[in-house]
Amino acid sequence: MTTSTPHTLDGPGGTRRIRQVRTTAFAGPDAVVTVWSERPAPGPGEVLVAVTASSATTSDSVVRRGLNPYLGALEPPFVLGYDLVGVVEALGPGVEAVVVGDRVAAITRWGANADAVVVPAQKLTRIDSDVDDALVEPMVMTGATAAAMVRRLAAVTAGQTVYVQGGSGGVGLLAVQAALLAGAAVIASASPAKHDALRRLGAQVLDYDDPALASSIRALAPDGVDVVLDAAGGAQSITRGASVLADGGVLITFGFSEASRRNGGRTPEVMAETGKVFAAAGEALAAVDASPRGLRALSFDITTLREEDPTAYSADVHWLLDAVADGRLVPIMRSLPLEQAAEAHRALDAGEVVGRVVLDHRLPAPDAPATTVGRG
């Protein structure tokens, strides 16, 4: 199978029409629609990418509801999609870093769920790997997040113990595997229905909703854990994670799941409550840093890290792809046609997704059965 083969569609009005997945409101999955649109053209410093695979993640559901702190003044309708993989189709004036035909990836935060996307050239990462695009796509944002935490921010080494709080999500499962590849012992928490996937990877698994979770972690790691990777990003999860750290340990929070559990769209009430969650999380992180036990705590966003150090970002992605190519790392994921984006968002909101859902733009739609790639 060719790793990156953009499709040609005979859309209404001609072959240059493209599909886009849009949200019509800051709301639930019913606001997600697939529409036909005109193919865009790149401007100065921009590149037109023919997309082969794009995201359907918890981050996308947060964007859909208007709760992502980076949205700014963006208002619906707009195209969803946090990240993408594809092939350079056309160059705008002044672009020299890539050429037509290059295989690339990008983190966009929104706009990636379309057959052709205009991306600033500086945001592109060249992909030099034989791994198929459906397997590359989870590495662009979720995998890179996991690798950055394990390899660089926490610098996990053999013999350490890592606790992944919320281990069944896209980042969590890859973080578990990345920590195991580094030689660490891994404890992960998740809802009981998702424990089997984590056990198959080699993690010790606990119930995320166990009221005595901290004690259960201490039973497995009496001296504390060296690293906590926290997907929830709330004050409660940060405080609990810090309580199980060994002296000198590091806690990294990387997700918005505690804030994103708020129901409804971007109403003033929801935004006020979400703001309180983020403020409390900041105070909790500051309290960890102020601990006399030499603890370290930080929150980070992979898009910012990618912009600050694109070379390190690229190295992390290709480290992951090398591990996928030789079977040391297996993405737990499900591929769906682009037209089934709303179905993917319903599954995300219902908490039914283990690992990642990838929208594979090459799959026939919409009556073809969903394709499972890897485990899951």
Side-chain angles (χ1 to χ4, degrees), residues 55 57 59 82-83 85 105-107 123 125-129 131 135-188 198 201-204 221 224-231 233 241 245-246 248-255 285 288 295-333 355-356 374:
S55 64
T57 68
S59 295
Y82 217 91
D83 51 70
V85 179
I107 301 174
K123 291 189 175 183
T125 298
R126 292 183 62 179
I127 300 298
D128 300 313
S129 171
V131 174
L135 295 171
V136 173
E137 206 285 330
M139 306 306 149
V140 177
M141 188 265 287
T142 54
T145 300
M149 291 189 296
V150 170
R151 299 182 76 209
R152 293 191 284 124
L153 299 178
V156 174
T157 58
Q160 290 188 320
T161 300
V162 176
Y163 168 50
V164 182
Q165 190 155 244
S168 62
V171 176
L173 285 165
L174 290 169
V176 166
Q177 294 189 72
L180 290 168
L181 287 176
V186 177
I187 303 168
L198 287 159
L201 295 177
Q204 299 181 85
V225 302
D226 301 288
V227 178
V228 172
L229 306 179
D230 172 39
L245 277 173
V250 57
L251 181 148
I252 306 171
T253 181
F254 60 89
L285 287 169
V288 174
L295 305 181
R296 183 164 60 97
L298 65 150
S299 175
F300 87 106
D301 168 61
I302 189 60
T303 308
T304 302
L305 282 184
R306 191 263 168 216
E307 292 170 352
E308 292 175 348
D309 195 344
T311 300
Y313 169 84
S314 179
D316 285 342
V317 170
H318 284 92
W319 176 80
L320 291 162
L321 293 178
D322 287 345
V324 172
D326 64 21
R328 290 177 294 124
L329 188 151
V330 180
I332 298 176
M333 53 176 284
R356 273 293 305 271

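- Minimum heavy-atom separation, Ala231 to Gly166: CB-O, 4.0 Å.
- Put simply, the side chain of Tyr163 does not reach to within 4.5 Å of the side chain of Val227, judged on heavy atoms.
- Proximity of a side-chain donor or acceptor of Tyr313 to a complementary backbone N or O of Glu308 within less than 3.5 Å is not detected.
- Between Ala105 and Val140 the shortest heavy-atom distance is CB-CG2, 3.7 Å.
- No donor-acceptor contact under 3.5 angstrom links the side chains of Arg126 and Ser314, judged on distance only.
- A heavy-atom distance below 4.5 Å is found between the side chains of Ile252 and Phe300.
- Under the 4.5 Å side-chain criterion, counting only non-hydrogen atoms from C-beta, Leu174 is in contact with Leu329.
- Looking only at side-chain heavy atoms (C-beta outward), Gln204 and Val186 stay at 4.5 Å or farther from each other.
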Anything under 3.5 Å between a donor and an acceptor, one on a side chain of residues 144-159, the other on a protein residue two or more places apart or in another chain? List them.
| residue | atom | partner | partner atom | Å |
| --- | --- | --- | --- | --- |
| Thr145 | OG1 | Met141 | O | 2.7 |
| Arg151 | NH1 | Asp316 | OD1 | 2.7 |
| Arg152 | NE | Asp316 | OD2 | 2.9 |
| Arg152 | NH2 | Asp316 | OD2 | 3.0 |

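- A side-chain contact (heavy atoms from CB on, under 4.5 Å) with Val171 is found for one member of Thr142, Leu229, Ile302 and no other, namely Thr142.
- Without hydrogens or angle criteria, Ser55 side chain to Thr57 main chain gives no donor-acceptor distance under 3.5 Å.
- Side-chain contact between Val162 and Asp226: absent, with no pair of heavy atoms (C-beta onward) separated by less than 4.5 Å.
- Within the model, atoms OG of Ser129 and CG of Asp322 stand 6.5 Å from one another, a figure rounded to the nearest 0.5 Å.
- Within the 4.5 Å cutoff, no side-chain heavy atoms of Gln177 are placed close to those of Arg328.
- Annotation for Gly233 and Thr253: closest pair CA-OG1, 3.0 Å, computed over non-hydrogen atoms.
- The minimum heavy-atom distance between Gly170 and Arg356, with the atom names listed, is CA-CG, 3.9 Å.
- Nearest heavy atoms, Leu181 versus Ala323: CD1-CB, 4.1 Å.
- With His318 contributing its side chain and Ile127 its backbone, the two residues share no donor-acceptor pair below 3.5 Å.
- Between the side chains of Thr125 and Arg306, at least one donor-acceptor pair of N or O atoms lies under 3.5 Å.
- Pairing each heavy atom of Met333 with each of Pro138, the nearest pair is SD-CG, 3.7 Å.
- Scanning for side chain to side chain contact (heavy atoms under 4.5 Å, CB included) contacts around Thr303 gives Tyr82, Ile107, Arg109, Asp301, Glu307, with sequence neighbours left out.
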| field | Steps toward side-chain contact (heavy atoms from CB on, under 4.5 Å) verdict (Leu245, Val225) | value | CA-CA 5 Å; Leu245 277 173; Val225 302; 4.1 Å; yes
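- In this structure, the side chains of Leu251 and Leu285 come closer than 4.5 Å at one or more pairs of heavy atoms.
- Val164 places none of its side-chain heavy atoms less than 4.5 Å from the side chain of Ile187.
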